[in-house]
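Since we're looking at a predicted model, the values are computed, not measured.
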Amino acid sequence: MIPTQQQLENYAELIVRVGVNVQPGQKVVVMAPIAAAPLARQIVSRAYSAGASDVFVEYNDEQLTRIRFLQAPEENFSKYPMWRAEAFQGFVAEGAAFIQIYSPDPDLLTGVDPERVAASSKAASTALAPYRNALMNHENAWTLVSWATPEWAAKVFPDEPSETAVEKLWERIVDATRIGLEDPVEAWRGHNATLLDMVERLNAKRYAELRFTAPGTELTIGLPDGHLWLGGGKKNGRGVLFNPNMPTEEVFTMPHKDRVNGIVRSTKPLNYSGQLIQNFSLTFKDGKVTDFTAEQGYEALAKLLSMDENAVRLGEVALVPDDSPISNSGVTFYNTLFDENASCHLALGQAYPVNLEGGTELSPEELASRGANRSLVHEDFMIGSPEMNIDGVTQDGSVEPIFRGGNWAF
């Protein structure tokens, strides 16, 4: 079996105990591709062992998704099943933990009309906004993990036979998640402590802005007063520690929505709703994208930027050193969960209120007045490279190095 039975059990244990940290009497929701059924079953078993009151599993089949986009009537894409949105909001209210196994085929929607994809994405984002906002506020524990599928593996290792490609992809997942170690849970506790140390150092700095310089990138990002850096484990609204992303190598904070200026170039492909956007650049003025280019996926990028009026603004800035485990693998994963943890990245759209002091207690209007962006989307894209330099500007105007040559300089 790929992974081994022990690694599979370690993975499920890690997801339940560290990813969402299931509590006695809690409900758990698992969303998984049908290929990941072996992992879903192990998760269910361990969730019940941890005291879960009930575990709900929702499987998805990407081929059915493609059939829908190719054959469903046009009006289908402007609608979203409200019963599903209401069910998820009900789970939120009940304090459920959410586990998503994220293993998309990067080429799934090749040849599909981008208008259909954009309409469907907007309908889903609108209907699921309360659920997604709750998770971005860290009201509930949630985690995102992956499972190696043949379609994904074929994109990552196109020159390998299918079985070999899947084996190679699993090797990378095992390394990145630490499930091949003797005690993955303890290893993650140590990793979270390392990230927390960097978070505390950055929060002590109280930078006014960050300056990014690399080939094709000259970007200045202002930071709101009271911004908070986060990374690794988080606490939900009930004080329970959880890990939203597994793997994770990032520390991140909130950009000021009106104080981003310059140009930034992507360094890895973006898999956006089954469409690849590659080799693109964005030009910002006073927080808004005013121009953009893309060698592939220009129309998909245009649809992303026009999702709503604030999709053209930033909601996250994240720092990841080039000398980190996923980056050092030398693999482009075409999967944001992995690629964003190999590279410094930004996110278009919604900001995390938790990245602002007292942010979860503020109204949308109060958040906006302090510089937080509000949007239906939150889409990460990668900008880091071995050539990336980052400077921090302090409150008194002093400039000091944060990154040099793609790695920490302090």
In Å and rounded to the nearest 0.5 Å, what is the CZ to OG1 distance from Arg259 to Thr220?
10.0 Å
In residues 89-96, what donor-acceptor pairs under 3.5 Å come from side-chain atoms, sequence neighbours left out?
from: Gln89; atom 1: OE1; to: Tyr131; atom 2: N; distance (Å): 3.2
from: Glu94; atom 1: OE1; to: Lys27; atom 2: NZ; distance (Å): 3.2
from: Glu94; atom 1: OE2; to: Lys27; atom 2: NZ; distance (Å): 3.1

May I have the step-by-step check of side-chain contact (heavy atoms from CB on, under 4.5 Å) for Arg201 and Trp408, ending in yes or no?
CA-CA 12 Å; Arg201 292 171 67 185; Trp408 293 109; over 6 Å; no
With rounding to the nearest 0.5 Å, note down the distance linking CD in Glu340 to CD1 in Ile383.
12.5 Å
Side-chain donor/acceptor of Arg374 to backbone N/O of Ala368, under 3.5 Å:
no
Flag for Thr283-Thr290: side-chain donor and acceptor within less than 3.5 Å
no
Electrostatic pair Glu357:Arg206 at N-O distance under 4.0 angstrom
yes
Check whether Thr177 reaches the backbone of Pro247 with its side chain - one donor and one acceptor, N or O, closer than 3.5 Å.
no
Whether the side chain of Asp339 engages the backbone of Phe333 through a donor-acceptor N/O pair (distance < 3.5 Å, no angle test) should be reported.
yes
Taking every non-hydrogen atom, the tightest pair across Glu250 and Glu316
OE1-OE2, 3.2 Å
Looking at Trp152 and Trp147, would you say the former's side chain and the latter's main chain have a donor-acceptor pair under 3.5 Å?
no
Full working for side-chain contact (heavy atoms from CB on, under 4.5 Å) between Tyr352 and Met254:
CA-CA 7 Å; Tyr352 285 95; Met254 178 190 295; 5.8 Å; no
When you check the side-chain N and O atoms of Glu62 and Asn60, is any donor under 3.5 Å from an acceptor?
no
Can you name the closest pair of heavy atoms from Gly232 and Lys234 and give their distance?
O-NZ, 2.5 Å
Quick one: are Thr213 and Phe403 in side-chain contact, heavy atoms under 4.5 Å?
no
Atom CG of Asp54 with >12 non-hydrogen neighbours under 6.0 angstrom
yes
Would you call Glu218 and Arg211 a salt bridge, taking side-chain N to carboxylate O under 4.0 Å as the test?
no
Could Arg189 and Glu186 be called an ion pair, given the rule that one side-chain N must be under 4.0 Å from one carboxylate O?
yes
Does Asn407 use its side chain to pair, donor to acceptor, with the backbone of Asp322 at less than 3.5 Å?
yes
Taking atom CG of Leu301 and atom OG1 of Thr293, what is their separation to the nearest 0.5 Å?
8.5 Å
Over all heavy atoms of both residues, which pair between Pro269 and Gln278 is shortest? Give the atoms and the distance, please.
CG-OE1, 3.4 Å
When rounded to the nearest 0.5 angstrom, what distance separates OG1 in Thr253 from CG in Leu223?
6.0 Å
For Lys288, enumerate each residue passing the side chain to side chain contact (heavy atoms under 4.5 Å, CB included) test, keeping only those at least two apart in sequence or located in another chain.
Val312, Arg313
Locate the shortest heavy-atom distance separating Ala311 from Val377; write the atom from each residue and the value.
CB-CG2, 3.9 Å
Check: Trp229 ring centre within less than 6.0 Å of Phe252 ring centre:
no
Can you find a pair of side-chain heavy atoms, one from Asn236 and one from Asn21, that are under 4.5 Å apart?
no
Going through the distances and angles, do Ser329 and Phe338 end up as a side-chain contact (heavy atoms from CB on, under 4.5 Å)?
CA-CA 11 Å; Ser329 74; Phe338 280 76; over 6 Å; no
Mind checking whether Tyr272 and Glu379 have side chains closer than 4.5 Å, heavy atoms only?
yes
Roughly how far apart are Asp105 CG and Lys155 NZ, rounded to 0.5 Å?
8.5 Å
Within the distance-only criterion (no hydrogens, no angle test), does the side chain of Ser324 pair as donor or acceptor with the backbone N or O of Pro321 below 3.5 angstrom?
yes
Sub-4.5 Å side-chain heavy-atom contact between Ser121 and Met307
yes
Any donor and acceptor pair, going by atom type alone, linking the side chain of His138 with main-chain N or O of Thr360 inside 3.5 Å?
no
For the pair Arg265 (side chain) and Asn279 (backbone), establish whether a donor and an acceptor sit closer than 3.5 Å, ignoring hydrogens and angles.
no
Phe292 ring center near Tyr298 ring center (under 6.0 Å)
yes
Nearest heavy-atom neighbours spanning Glu249 and Asn341
N-OD1, 2.8 Å
More than 12 heavy atoms of other residues, nucleotides or ligands under 6.0 Å from CD of Gln395: yes or no?
yes
Side chain proximity check, Val117 to Lys303, heavy atoms < 4.5 angstrom:
no
Ser146 and Asn335: which non-hydrogen atoms are nearest, and at how many Å?
OG-ND2, 3.3 Å
Test Ile173 against Tyr11 for side-chain contact (heavy atoms from CB on, under 4.5 Å), laying out the working first.
CA-CA 10 Å; Ile173 293 174; Tyr11 204 7; 4.0 Å; yes
Can you name the one residue among Leu270, Val320, Thr267 that meets side chain to side chain contact (heavy atoms under 4.5 Å, CB included) with His345?
Val320
Please check if any side-chain donor atom of Thr143 sits under 3.5 Å from a side-chain acceptor atom of Asn243, or the reverse.
no
Aromatic centroids of His227 and Tyr207 separated by under 6.0 Å
no
Contact check, side chains of Val354 and Leu228, non-hydrogen atoms, under 4.5 Å
no
Heavy-atom donor-acceptor pair, Ser369 side chain to Glu366 backbone, under 3.5 Å:
yes
To the nearest 0.5 angstrom, please state how far the CD atom of Gln23 sits from the OG atom of Ser53.
12.0 Å
Met388 side chain reached by Phe212 side chain, heavy atoms, under 4.5 Å
yes
Would you say that Asp61 contacts Tyr59 through its side chain, given a criterion of any heavy-atom pair below 4.5 Å between the two side chains?
no
Counting N and O atoms only, with roles assigned by atom type, does the side chain of Asn373 sit under 3.5 Å from a partner on the main chain of Asn310, one being a donor and the other an acceptor?
yes
